[in-house]
Amino acid sequence: DAGITQSPRYKITETGRQVTLMCHQTWSHSYMFWYRQDLGHGLRLIYYSAAADITDKGEVPDGYVVSRSKTENFPLTLESATRSQTSVYFCATSFADTQYFGPGTRLTVL
Amino acid sequence: AQKVTQAQTEISVVEKEDVTLDCVYETRDTTYYLFWYKQPPSGELVFLIRRNSFDEQNEISGRYSWNFQKSTSSFNFTITASQVVDSAVYFCALSEAVNTDKLIFGTGTRLQVFP
């Protein structure tokens, strides 16, 4: 029972490149979320999705794009990566008003 | 506006000491949820507890206990007889019942337990 998986787990890219982080859940939970974790900020919500084809902005959406064509997948795309997007990214799903997190993706933008 | 404050950035203790991690929250809603998550050195986020605003009973789970006080808007977490495996970053978080998909995190407290 994998729950939530994220890929890749580590990624190094260059400024200006497009990067897509993948998130997959095996539970079929309706809600899915993307957070970024930065020192001194805790976790901040980037985007979330209430169901397939329904997405909404969180606290820090600029520079990111999401889509959700299938319930189980929620990819996050950085259209033109910047150094300020160097961070650890967590995907999460929600069940019974509690969010459960994937293992995270550490992204470095050079 | 919602806000979660974890004033303790880092705490160091020696094994077997008791330690309390503080969490203070702000919300205008009367119905809300409070959470604690653990992030060990391996990096994953582990759910520890959820408490709703109508349930002020303290909770104990093994060496972990949580003290929820609405009067002081606090939801503190105590580890009794700490162990090296308790070393982690601990996050307190809040969501309001009208919008449970919006989880607001504190900045975390790093706990280091030395042998």
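What you are looking at is a predicted structure, and each value in this text was computed from that prediction instead of being measured. Here is how names work: the chains are called A, B, and so on, in the same order as the sequence lines, proteins then strands, and each is numbered from 1.
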Can you tell me if [atom1] on [X] sees more than 12 non-hydrogen neighbours from other groups inside 6.0 Å?
X: A:Ile54; atom1: CD1; result: yes
X: B:Gln57; atom1: CD; result: no
X: B:Arg63; atom1: CZ; result: yes

Nearest 0.5 angstrom please: [X] [atom1] to [Y] [atom2], how far?
X: B:Tyr32; Y: A:Asp97; atom1: OH; atom2: CG; result: 15.5 Å
X: B:Leu45; Y: A:Tyr35; atom1: CG; atom2: OH; result: 10.0 Å
X: B:Lys102; Y: A:Asp56; atom1: NZ; atom2: CG; result: 6.5 Å

Verify the ring-centre separation between B:Phe47 and A:Phe101: is it less than 6.0 angstrom? no
Is it the side chain or the backbone of B:Gln39 that comes within 4.5 Å of chain A heavy atoms, both, or neither? side chain
Sort by residue number and list every residue of residues 105-115 of chain B having at least one heavy atom under 4.5 Å from chain A. B:Phe105, B:Gly106, B:Thr107
Which members of residues 13-22 of chain B, sorted by number, sit under 4.5 angstrom from chain A on a heavy-atom basis? none
Per-residue contact mode, A:Glu59 against chain B (heavy atom under 4.5 angstrom): neither
A:Leu45 portion near chain B, given a 4.5 angstrom heavy-atom threshold: side chain
For A:Gln37 and B:Phe91, work out which heavy atoms get closest and say how close. NE2-CZ, 3.2 Å
Hits for ring pair (Phe, Tyr, Trp, His ring centres under 6.0 Å) against A:His29, two or more places apart or cross-chain, chain-then-number order -> A:Trp27, A:Phe95
Partners meeting salt bridge (Lys or Arg N to Asp or Glu O under 4.0 Å) with B:Arg50 (sequence neighbours left out): none
